[in-house]
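Worksheet: one structure, shown below.
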Amino acid sequence: MSFPLLTATAALPALGAIATAAVPAQRRNAAKLLALIVSLGTLVLAAIVAFRFDPGGDRYQLTESHAWIADFGVRYELGVDGIAVALIGLTALLIPFIILAGWHDADPLETGSKRWRPTQGFFALILAVEAMVIISFEATDVFLFYIFFEAMLIPMYFLIGGFGDRAHEHGEETAATQRSYAAVKFLLYNLVGGLIMLAAVIGLYVVAGNFSLPEIAEARANGTLEMATTTERWLFLGFFFAFAVKAPLWPLHTWLPNAMQESTAPVAVLITAVVDKVGTFAMLRFCLGLFPEASTWATPAILVLALISIIYGALLAVGQRDIKRLVAYASISHFGFIILGIFAMTSQGQSGATLYMVNHGISTAALMLVAGFLISRRGSRLIADYGGVQKVAPVLAGTFLIGGLATLSLPGLAPFVSEFLVLVGTFARYPVVGIIATVGIVLAALYTLVLYQRTMTGPVKAEVEGMPDLRVRELVVVAPLVALLIFLGVFPKPLTDIVNPAVEHTMSDVQKKDPQPEVEAAK
């Protein structure tokens with residue numbers, strides 16, 4: 001039996017979470033170091049997965065399949081395509097930076113505080129989320145995917161509700177109440193989506209007799225499994241609803257601004273750059289793979305919702321007073337672009353959507369983590385409390401600017417390639433939708449540049465004087481992310497080579513071909 005590489009990639013952070021939680025209470029630094037080492041080990045395993053993956057090979061590679069609940073057709077079945085490889089790499093890459101950025105976020109509070117912050121628990125929960133996200137990207141058994149799709153809500157609930165941002169203008173008791181509200185709202189929204197999906201998962205088993213994605217897709221392709229049109233559409237809606245909550249897509253998005261506002265900056269990155277990607281990934285793997293006719297049927301409505309997300313999220317970002325809420329609404333707009341690319345049903349659109357998932361994760365991590373460093377220095381999330389930071393902390397301001405420029409998809413930075421492909425792919429099949437979506441680009445430039453102007457330029461406010469620049473640990477977090485944004489902005493080929501063959505399979509699932517450009521015959 002070959003080495004179970006995919007299992008190991010998910011099992012290492014899971015075992016690391018248990019070991020980190022077991023570190024004695026007085027050994028906080030040992031727990032942090034252990035969590036960091038485990039996350040780096042997971043990154044090495046993810047790199048091996050990417051190295052061993054052959055883009056020109058089978059659709060699902062490094063597969064593992066073992067009987068689990070045989071009476072109900074449930075198997076422990078794993079496999080990765082190019083899209084999963086890219087997102088596993090993103091997850092494994094970001095977790096060490098999240099751990100480093102949150103190095104002191106779970107340290108004990110000042111004497112007399114009513115809140116206990118168990119350092120070991122904080123880092124153990126981050127590793128637990130990493131393990132569940134990775135196995136969600138690997139699972140090709142629908143029931144196995146569902147278990148971890150839902151299970152990751154538990155550690156995320158505690159990370160949001162138990163380890164909130166210390167920069168709060170209304171005092172500790174009010175802050176605790178708002179954290180609790182944000183955590184419960186996150187949990188309820190996602191639980192409702194998950195329960196609806198569970199009904200659809202059961203319905204799929206009734207129709208197909210098993211939960212194996214490759215087997216169901218093969219049976220549908222060769223005609224041995226037929227779904228009634230109405231049945232397929234209802235099952236699609238059950239899956240899509242859960243993924244749209246996780247993504248999040250308007251109007252199911254309202255949990256995200258609260259969750260990101262009340263979380264520490266590293267946890268906010270974990271939410272929007274890592275966990276939320278499971279929703280958009282699952283749209284590609286499960287919605288389009290299992291329900292091709294229903295996906296085509298629902299496309300017009302989904303494109304409208306994606307357009308609303310793009311413009312609505314960007315408009316609300318323009319008007320935000322809180323830095324974290326601004327980034328949250330900007331992410332809602334970006335997820336609109338990702339979903340637009342998926343359901344444009346073109347190879348350019350879906351390749352762009354996949355690249356957008358990766359590049360949005362890197363750019364949001366860069367911007368939000370630098371914002372977290374800024375907030376920790378001033379003790380406030382409010383934009384109005386800043387001014388002139390670039391004069392006292394130029395490196396911090398410079399990295400903040402690069403993160404912001406990546407968010408608005410400046411040419412030369414990684415998100416530009418993604419957004420360009422999404423718009424090109426959308427315009428090829430739905431030109432009006434593509435034109436309307438470009439409004440989001442203009443609004444992104446507005447909210448990003450206004451944010452930078454109000455916080456970094458102008459007279460130096462008294463509270464900002466003496467603000468230290470980025471320290472060594474913070475530079476170690478930010479510099480690689482900035483380098484990646486530039487590298488993938490000018491040379492995205494390593495990612496596109498992995499992703500494009502998987503997109504071709506997805507296009508084949510829905511029986512779509514790229515529209516041919518209309519060229520007027522030469523006279």
Side-chain angles (χ1 to χ4, degrees), residues 4 6-11 14 59-81 83-84 87-88 91 128-156 187 190-221 224-227 231-247 275 277-292 294-295 506 509:
L6 297 186
T7 294
T9 307
R59 180 172 188 175
Y60 297 111
Q61 299 179 33
L62 306 175
T63 55
E64 302 173 31
S65 184
H66 308 281
W68 184 18
I69 311 175
D71 292 341
F72 296 98
V74 180
R75 298 186 64 80
Y76 176 80
E77 192 172 78
L78 306 179
V80 290
D81 60 5
I83 298 169
L87 293 175
I88 290 170
T91 302
V129 172
E130 179 182 24
M132 293 176 186
V133 169
I134 287 175
I135 204 166
S136 296
F137 292 141
E138 297 173 344
T140 55
D141 183 278
V142 177
F143 191 79
L144 178 67
F145 169 83
Y146 173 78
I147 288 175
F148 289 99
F149 180 81
E150 287 294 277
M152 69 180 71
L153 302 180
I154 299 170
M156 286 307 309
L187 188 63
N190 284 275
L191 278 179
V192 169
L195 289 173
I196 293 174
M197 181 183 169
L198 178 60
V201 169
I202 295 171
L204 178 67
Y205 176 74
V206 171
V207 173
N210 66 77
F211 294 105
S212 173
L213 174 63
E215 290 183 17
I216 295 172
E218 183 180 355
R220 298 212 65 184
T224 58
L225 172 63
E226 295 183 1
M227 289 188 196
T231 301
E232 179 176 342
R233 291 177 179 180
W234 278 112
L235 294 178
F236 167 85
L237 290 174
F239 277 74
F240 181 79
F241 183 86
F243 303 152
V245 172
K246 183 84 80 178
V275 172
K277 298 301 187 301
V278 178
T280 47
F281 163 80
M283 291 179 189
L284 277 167
R285 172 169 281 191
F286 296 103
C287 286
L288 273 60
L290 292 171
F291 315 111
S295 298
T506 304
D509 288 340

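Computed over heavy atoms, backbone and side chain alike; hydrogens, waters and symmetry mates excluded. Nothing fancy with the numbering, it's 1 onward along the sequence.
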Study note, to complete from the structure: side chain to side chain contact (heavy atoms under 4.5 Å, CB included) test vs Phe286 passes for just one of Phe145, Tyr146, Phe236, namely Phe145
Check your understanding: Where do Met197 and Phe241 land on the side-chain contact (heavy atoms from CB on, under 4.5 Å) test, with the steps shown first?
Key -> CA-CA 7 Å; Met197 181 183 169; Phe241 183 86; over 6 Å; no
Check your understanding: Run the side-chain contact (heavy atoms from CB on, under 4.5 Å) check on Val207 and Thr231 step by step: do they pass?
Key -> CA-CA 9 Å; Val207 173; Thr231 301; 3.9 Å; yes
Practice item. Would you please indicate yes or no on a ring centroid separation below 6.0 angstrom for Phe243 and Phe149? Key: yes
Review point. Atom CD1 in Ile88, atom CD in Glu138: separation rounded to 0.5 Å?
Key: 4.5 Å
Check your understanding: Within a strict 4.5 Å, meaning less than it, do heavy atoms of the Leu213 and Glu77 side chains meet?
Key -> no
Practice item. Decide yes or no for Lys246 and Leu153: does some side-chain heavy atom of the first lie under 4.5 Å from some side-chain heavy atom of the second? Key: yes
Check your understanding: Going by heavy atoms in the side chains, are Ile216 and Asn210 under 4.5 Å from each other?
Key -> yes
**Study point:** Residue of the set Phe148, Phe211, Tyr205, Tyr76 for which ring pair (Phe, Tyr, Trp, His ring centres under 6.0 Å) holds with Phe143
**Key:** Phe211
Check your understanding: Do His66 and Leu78 come within less than 4.5 Å of each other through their side chains, counting heavy atoms only?
Key -> no
Review point. Can you name the nearest heavy-atom pair linking Met152 to Ser136, along with the distance?
Key: CE-OG, 3.4 Å
Practice item. Work out which heavy atom in Ala131 is nearest to a heavy atom in Ala10; give both atom names and the distance. Key: CB-O, 3.3 Å
Check your understanding: Is any side-chain heavy atom of Val201 less than 4.5 Å from a side-chain heavy atom of Phe239?
Key -> yes
Check your understanding: Hey, does Val278 have a side-chain heavy atom less than 4.5 Å from the side chain of Phe137?
Key -> yes
Study note, to complete from the structure: Nearest heavy-atom approach of Gly238 to Ala200 is CA-CB, 3.9 Å
**Study point:** Set of salt bridge (charged side-chain N to carboxylate O under 4.0 Å, His left out) partners for Glu232, sequence neighbours left out
**Key:** Arg220
Point to revise | Nearest heavy-atom neighbours spanning Asn190 and Glu150 | key: O-OE2, 3.7 Å
Exercise for review: Taking the side chain as every heavy atom from C-beta outward, state whether Met227 and Leu204 have any atom pair closer than 4.5 Å.
Suggested key: yes
Check your understanding: Side chains of Leu235 and Leu290: does their closest heavy-atom pair fall under 4.5 Å?
Key -> no
Exercise for review: Please name the pair of heavy atoms, one in Leu62 and one in Leu6, separated by the smallest distance, quoted to 0.1 Å.
Suggested key: O-CD1, 3.2 Å
Study note, to complete from the structure: Closest non-hydrogen atoms of Ser65 and Arg75, given as atom of the first, atom of the second and distance, are OG-NE, 2.9 Å
Review point. In terms of heavy-atom contacts, does CH2 of Trp68 have more than 12 from other residues, nucleotides or ligands at under 6.0 Å?
Key: yes
